[in-house]
Amino acid sequence: MDIRETHPFDLAPAEAIRLQERLRKQVKPSGDAGEVSLVAGADASYARGSDVIHAVVVVLRYPDLSVVERASAATATAFPYIPGLLTFREGPAIIEAFQQLASEPDVIFFDGQGIAHPRGLGIASHMGVLFDRPAVGVAKSLLVGTATEPGPGRGSTAPILQDGETIGMAVRTKERVKPVYVSVGHRIDLSQAVDLVLATGRGYRLPEPTRQAHLFANTVRREEGRDDRQTGLPAR
DNA sequence: GCGACAG
DNA sequence: ATCTTGTCGC
């Protein structure tokens with residue numbers, strides 16, 4: 001059945017925040033993803049004037065990183081982007097994309113934070129709890145916390161700190177390129193999460209699962225997205 | 001009250 | 001996230 005039948009997404013910001021504070025108790029920020037043979041990357045894409053979100057999930061075999069499956073879904077959203085409430089905007093589309101998936105990935109990479117979030121429930125933790133699967137947050141910038149600059153070499157790391165606690169890790173995935181911010185989503189240790197991010201790297205800043213999801217999301221939006229009317233509206 | 005602020 | 005060509009650096 002559909003998770004969306006038991007989990008509300010069409011909420012007012014204040015209600016969404018209360019739901020996050022309730023769900024954060026179900027997050028397990030530790031564990032072992034076990035023998036990883038399938039790693040998935042989830043991402044969303046949309047045209048600027050449109051409320052149609054195209055979400056995708058790409059599954060790669062580990063450790064060879066060959067793509068074994070791709071799934072997508074498009075949904076209309078009314079929820080705007082509000083820092084800290086990203087899941088309420090992209091969650092429904094991502095859930096639907098996963099429902100189109102045949103395989104069961106051992107771990108899922110999400111585009112955004114895990115527990116490195118104001119209420120400890122970034123999109124990776126939120127989705128991880130709903131799917132009850134190991135999840136990792138791979139973000140391109142920080143939402144909360146601070147981190148010192150990792151060394152210049154690939155593999156260098158620096159803890160993301162908040163109130164003296166390590167809530168994630170800044171990871172240099174490519175020499176001399178801005179680091180990515182990894183935080184545990186659900187049912188996995190930070191060290192294994194960081195190891196997986198580095199082990200799924202292929203010379204680019206973003207790990208392959210995430211990168212492939214990005215690419216596929218854009219492809220799907222431009223091809224199948226011939227229904228969300230033009231981009232030719234004079235912005236201004 | 002003034003900034004900061006995943007995607 | 002998205003718009004958008006060329007361009008600087010390794």
Side-chain angles (χ1 to χ4, degrees), chain A residues 9 13 16-17 20 24 27 41-57 72 74-95 97 108-128 135-147 152-154 160-163 167-186 193 197 203-207 209-211 213-223 225 228-236:
Chain A
F9 278 99
I17 286 175
Q20 291 183 319
R24 73 180 303 175
V27 177
D43 189 32
S45 165
Y46 36 89
R48 71 174 159 183
S50 177
D51 63 339
V52 175
I53 295 183
H54 292 273
V56 309
V57 50
S72 68
T75 66
T77 311
F79 209 98
Y81 167 65
I82 297 175
L85 299 180
L86 178 64
T87 305
F88 290 88
R89 177 172 172 70
E90 302 186 348
I94 290 177
I95 288 171
I108 308 163
F109 286 6
F110 286 90
D111 217 317
Q113 317 295 341
I115 62 172
H117 175 280
R119 290 166 291 284
L121 197 78
I123 192 166
S125 296
H126 199 148
M127 293 291 102
V136 175
V138 180
K140 296 181 291 300
S141 63
L142 289 173
L143 175 58
V144 297
T146 59
R154 176 170 203 281
I160 298 173
L161 305 171
Q162 182 174 55
D163 303 319
I167 58 175
M169 203 72 87
V171 181
R172 187 85 67 188
T173 50
K174 182 173 166 49
E175 50 290 329
R176 251 169 286 177
V177 166
K178 191 178 189 299
V180 294
Y181 302 92
V182 179
S183 62
V184 161
H186 187 55
V197 165
Y204 294 90
R205 181 191 181 205
L206 299 178
T210 302
R211 184 169 162 276
H214 263 297
L215 295 172
F216 186 50
N218 284 313
T219 295
V220 167
R221 174 167 63 85
R222 294 185 313 188
E223 294 182 346
D228 61 83
R229 300 306 68 161
Q230 296 322 298
T231 303
L233 296 176
R236 196 167 323 184

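Values in this document were obtained by computation on a predicted structure and should not be read as measured data.
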*Where is the tightest heavy-atom contact between Ala217(A) and Ala44(A), given as atom of each residue plus distance?*
CB-C, 4.5 Å
*Between Arg89(A) and Thr77(A), do the side chains contain an N or O donor and an N or O acceptor separated by less than 3.5 Å?*
no
*Starting at atom CE of Met127(A), determine the distance to atom P of dA6(B), rounded to an integer number of angstrom.*
18 Å
*Name the nucleic acid region contacted by Leu121(A), choosing base, sugar-phosphate or nothing; use a 4.0 angstrom heavy-atom cut-off, strictly under.*
nothing
*May I ask you to evaluate whether Arg221(A) reaches the phosphate of dA1(C), defined as a side-chain N or O under 4.0 Å from OP1 or OP2?*
no
*May I ask you to evaluate whether Tyr46(A) reaches the phosphate of dG7(B), defined as a side-chain N or O under 4.0 Å from OP1 or OP2?*
no
_By the 4.0 Å heavy-atom rule, please label Gly84(A) as base, sugar-phosphate, or nothing._
base
*asked:* Whole angstroms only, please: what is the CD1-P distance between Ile17(A) and dA6(B)?
replied: 15 Å
_Check the phosphate of dT2(C) against Asn218(A), side-chain N and O only, distance under 4.0 Å to OP1 or OP2. Yes or no?_
yes
*Quickly work out the Arg205(A) CZ to dA6(B) P distance and round it to whole Å.*
13 Å
*How long is the line joining CD1 of Ile82(A) and C1' of dA4(B), in whole Å?*
15 Å
_Taking only side-chain N and O atoms of Lys140(A), does any of them lie within less than 4.0 angstrom of OP1 or OP2 on dA1(C)?_
yes
*asked:* Please identify which of these residues, Val184(A), Val144(A), Leu161(A), meets the side-chain contact (heavy atoms from CB on, under 4.5 Å) condition with Ile167(A).
replied: Val144(A)
*Would you mind listing every salt bridge (charged side-chain N to carboxylate O under 4.0 Å, His left out) that reaches into residues 108-121 of chain A, with sequence neighbours excluded?*
Asp111(A)-Lys140(A)
*Using a cut-off of 4.0 Å on non-hydrogen atoms, how would the nucleic acid contact of Ile53(A) be classed: base, sugar-phosphate, or nothing?*
nothing
_Is Ser45(A) close enough to dT2(C) that one of its side-chain N or O atoms is under 4.0 Å from OP1 or OP2 there?_
yes
_From OH of Tyr81(A) over to P of dA1(C), roughly how many Å is that when rounded to an integer?_
10 Å
*In whole angstrom, give the distance that lies between atom CD of Glu90(A) and atom P of dA1(C).*
9 Å
_Interatomic distance, Met169(A) CE vs dA6(B) C1' [rounded to whole Å]_ = 19 Å
*Nearest whole angstrom, please: distance from the P of dC3(C) to the CZ of Arg48(A).*
7 Å
*asked:* Regarding His214(A), tell me which of base, sugar-phosphate or nothing describes its non-hydrogen contacts under 4.0 Å with the strands shown.
replied: sugar-phosphate
_Parallel, tilted or perpendicular: which one describes the rings of Phe9(A) and His126(A), with boundaries at 30° and 60°?_
parallel
